[in-house]
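Reckoned from all heavy atoms, side chains included, excluding hydrogens, waters and symmetry mates. Order of the sequence lines fixes the chain letters, A, B, ..., with proteins taken first and strands second; residue numbering starts at 1 for each chain. As the structure is a prediction and not an experimental result, all values here were calculated from the model.
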Number of protein chains: 2
Amino acid sequence: MRPTVHDVAEAAGVSLATVDRVLNRRAGVRSETIERVETAIARLGYVRDVAAANLAKSRVYRFAFIVPEGPNSFMRGLEREIELSGLRSRLERTDIRIIKVPPFDGAALAAALNGLETADLSGVALVAAGSPAVIAALERLHRRGVEIVTLVSDIEVVSRSHYVGIDNVAAGRTAAGLLGRFVGGRAGTIALVVGSMAVRDHVERCDGFRAVIAAEYPGLDVLPPLEGRDDARTAGRLLRDTLAARDDIVGLYSVGAGNRGVIEALRDRSASLPHIAVVAHELTDHARQALADGTFDAVINQDAGHEVRSAIRVLKAKVDGLPVIDAQETIRIEIYLRDNVP
Amino acid sequence: MRPTVHDVAEAAGVSLATVDRVLNRRAGVRSETIERVETAIARLGYVRDVAAANLAKSRVYRFAFIVPEGPNSFMRGLEREIELSGLRSRLERTDIRIIKVPPFDGAALAAALNGLETADLSGVALVAAGSPAVIAALERLHRRGVEIVTLVSDIEVVSRSHYVGIDNVAAGRTAAGLLGRFVGGRAGTIALVVGSMAVRDHVERCDGFRAVIAAEYPGLDVLPPLEGRDDARTAGRLLRDTLAARDDIVGLYSVGAGNRGVIEALRDRSASLPHIAVVAHELTDHARQALADGTFDAVINQDAGHEVRSAIRVLKAKVDGLPVIDAQETIRIEIYLRDNVP
DNA sequence: GCAATTCTGATTTACGTACCTCAGAGACTG
DNA sequence: CAGTCTCTGAGGTACGTAAATCAGAATTGC
């Protein structure tokens with residue numbers, strides 16, 4: 001049987017009230033006594049029963065999730081997952097609120113963060129767009145005891161924060177490894193379509209991609225990125241122009257949003273032209289279709305549901321002062337071909 | 001605030017004891033009264049607070065995990081993950097026991113199942129090797145109220161069971177999709193190395209693999225599988241013989257155990273010979289190395305840690321009579337290239 | 001040496017559920 | 001009509017912890 005506070009009290013030769021004070025860092029205990037209690041805790045291997053503690057406290061975890069608004073399919077999927085997890089979390093005394101902010105807009109994000117009612121808020125998860133104002137807002141929240149987790153895209157160090165998302169450099173390298181092999185020894189150029197070079201995740205993917213292509217596929221040239229800014233039409237137009245302007249394109253890496261436009265541009269190519277190998281990101285409905293009909297060869301994905309559940313677990317662990325299980329909280333870079341789409 | 005049993009009692013106009021009898025399916029309540037209580041539960045949206053219930057019951061979940069013994073790296077990794085989860089689960093009133101049985105041996109597995117003390121056992125997770133005796137033993141366990149989950153390899157229907165593992169047919173199809181592209185249009189034959197055609201997961205992978213190669217890569221021939229029987233030396237020897245006997249091999253799919261032998265056989269080939277594209281299963285230490293030095297092009301993996309945690313969650317949900325969240329419990333087919341190895 | 005202050009102990013209530021006992025109401029049997 | 005049986009209510013204790021109150025002990029300041 002696990003030891004309880006009663007056992008600790010007995011072992012330390014103090015009362016239950018004293019053990020409670022030590023455990024909950026309340027004042028009124030001599031340092032010598034604190035040490036006696038802590039020794040007893042260590043000796044017995046006592047661990048607080050979080051379920052019982054939360055019951056006694058009638059604790060409610062209150063978390064806010066901040067996501068960019070707009071047409072970005074991945075973000076909308078993320079939002080759905082947050083809603084779903086929020087519904088289920090009700091049963092576990094967890095209250096989750098979603099706050100939407102304009103994308104690519106540090107000032108708006110900072111304003112949203114500063115507008116949060118910190119009194120009964122225990123944690124914030126946000127898709128970070130870095131800016132000094134945002135960092136200041138996060139530091140302020142943290143000083144008020146709010147735990148912070150970055151989602152999908154990371155941001156410069158915030159004390160004691162945690163990042164839930166994939167390693168985007170590795171994702172870019174992986175895309176390069178796949179595309180390099182899919183191109184199959186042909187020489188030529190590779191086009192890049194990104195959402196915006198102003199968000200860190202896209203920049204990192206490009207960096208990783210270029211590094212591997214340069215090192216391992218000397219026959220391949222990578223063109224400068226086409227910026228679609230989360231708009232399918234823009235992305236499609238830019239790609240169409242590039243495809244029309246040159247005939248040496250053998251591969252395409254679609255780094256971020258705007259897949260719908262990319263798919264249309266590719267489908268409009270004449271069927272007699274040689275196949276362009278394509279690796280894209282995020283397994284949305286459009287991407288699934290493109291995989292099924294051969295327009296995309298592979299899709300790299302991060303599972304939004306996993307990310308949301310992981311963020312919630314991490315926030316809870318931090319609030320409860322428990323360790324985070326890294327192996328469980330690592331978000332994998334998922335690769336999908338036509339054959340392993342779930 | 002969530003409604004409690006008290007609210008339900010008041011709403012139904014009965015006493016707390018009666019609500020309790022209904023909730024816990026104890027005798028002594030008229031069916032008409034049961035209905036009144038259930039209506040109130042539905043109307044209020046009452047859900048039992050599992051944490052409080054477990055506290056009150058001083059419940060301890062007792063689970064047995066049955067895994068094959070022997071040198072199979074994946075199984076040893078699985079066992080480590082079970083131990084790890086077991087240690088952590090202690091804090092959540094969960095006691096996990098590991099039972100090892102000889103591999104590929106239905107009779108031994110059935111004997112182990114029949115030897116389980118069912119009195120205080122709430123669930124069993126097993127790497128299934130199907131046989132009538134095993135199925136009978138599982139049915140018996142299930143009649144005694146023990147929940148059953150199959151791990152990694154599934155088995156013919158057991159009432160109310162659950163399978164935690166990847167879709168092995170899809171894994172084989174995925175391997176074919178990768179290998180077909182990696183071979184890069186060359187014609188030739190593909191070798192298959194399996195553990196045993198007596199376990200269902202390996203058979204399914206081969207089926208999926210052959211189907212895609214036959215349909216999409218007409219230039220490629222697939223050789224009959226070489227059975228290594230979880231023994232690296234055997235697998236290595238068989239592959240070496242095949243490689244020596246023919247020079248038209250352009251690809252290899254290593255379906256199961258024995259990767260160490262496969263890797264050695266491949267490394268011993270003269271460096272002047274053309275590259276053989278290789279897709280293998282399970283990201284063990286040897287496989288990581290083979291990815292790093294280019295011996296393997298891709299590794300398909302199932303995350304043993306996820307599987308164990310999923311099995312525990314599913315067993316708990318079943319014991320508590322709660323629904324299983326399918327999206328969370330689906331085990332992904334992971335693809336690793338050199339660049340996304342964690 | 002007395003008061004004020006700080007520390008500690010004992011005890012109680014609460015969280016939401018499980019489970020037990022005891023008593024009584026009502027229906028049925030013979 | 002007494003006796004039995006089934007159903008229901010009332011109330012209590014327990015699970016492990018949090019948090020509060022009150023009282024007594026030890027320490028400090030003056």
Practice item. Please report the shortest heavy-atom distance between A:A40 and A:V8, naming the atom on each side. Key: CB-O, 4.1 Å
Practice item. Determine the minimum heavy-atom distance between B:L138 and B:I148, stating which atoms define it. Key: O-CD1, 3.3 Å
Exercise for review: Establish, with yes or no, whether the OP1 or OP2 oxygen of D:dT8 is under 4.0 angstrom from a side-chain nitrogen or oxygen of B:R21.
Suggested key: no
Revision key, fill the gap. The helix from C:dG1-D:dC30 to C:dG30-D:dC1: angle between terminal helix axes, five bp per end, to the nearest 10 degrees, reads 30°
**Study point:** A:R332 side chain to A:N301 side chain, donor-acceptor N/O pair below 3.5 angstrom
**Key:** no
Review point. B:D49 near the nucleic acid: base, sugar-phosphate alone, or nothing, with a heavy-atom cut-off under 4.0 Å?
Key: sugar-phosphate
**Study point:** Salt-bridge criterion met for B:D20 and B:R26 (N-O under 4.0 Å)
**Key:** yes
Exercise for review: Check the distance between D:dG16's P and A:N54's CG and give it to me in whole angstrom.
Suggested key: 16 Å
Check your understanding: Rounded to whole angstroms, how far apart are NE2 on B:H6 and P on D:dG9?
Key -> 14 Å
Check your understanding: Base, sugar-phosphate alone, or nothing: which one does B:N24 contact when heavy atoms must sit under 4.0 Å apart?
Key -> sugar-phosphate
Point to revise | CD/B:Q328: more than 12 non-hydrogen atoms of other groups inside 6.0 Å | key: yes
Any N/O pairs under 3.5 Å between the protein and nucleotides 11-15 of chain D? List them or say none.
from   : atom 1 : to    : atom 2 : distance (Å)
D:dC15 : O2     : B:L55 : O      : 3.4
D:dC15 : O2     : B:A56 : N      : 3.1

Exercise for review: Find out whether B:Y61 and B:I312 are in side-chain contact, i.e. whether some heavy atom of one side chain is under 4.5 Å from a heavy atom of the other.
Suggested key: no
Check your understanding: Does NZ or CZ of B:R48 lie under 6.0 Å from the centre of the six-membered ring of B:Y46, at an angle within 45° of the ring axis?
Key -> no
Point to revise | Between D:dG16 (P) and A:R48 (CZ): distance, integer Å | key: 15 Å
Exercise for review: Give one of base, sugar-phosphate or nothing for A:V14, where a contact means two heavy atoms less than 4.0 Å apart.
Suggested key: sugar-phosphate
**Study point:** Rounded interatomic separation in angstrom, taking CD from B:E32 and C1' from D:dT8
**Key:** 13 Å
Review point. Is the shortest side-chain N to carboxylate O distance from A:R80 to A:E83 below 4.0 Å?
Key: no
Revision key, fill the gap. At a 4.0 Å cut-off to heavy atoms of chain B, the contacted part of DNA chain C spans C:dG16 to C:dC19
Point to revise | Intermediate values then yes/no, salt bridge (Lys or Arg N to Asp or Glu O under 4.0 Å), A:D7 and A:R43 | key: CA-CA 11 Å; A:D7 302 324; A:R43 191 158 55 79; over 6 Å; no
Exercise for review: Starting at CD1 of A:I82, measure out to CE of A:M75 and round the result to the nearest 0.5 Å.
Suggested key: 9.5 Å
Revision key, fill the gap. Here the pair of heavy atoms bringing A:A125 nearest to A:A311 is CB-CB, 4.5 Å
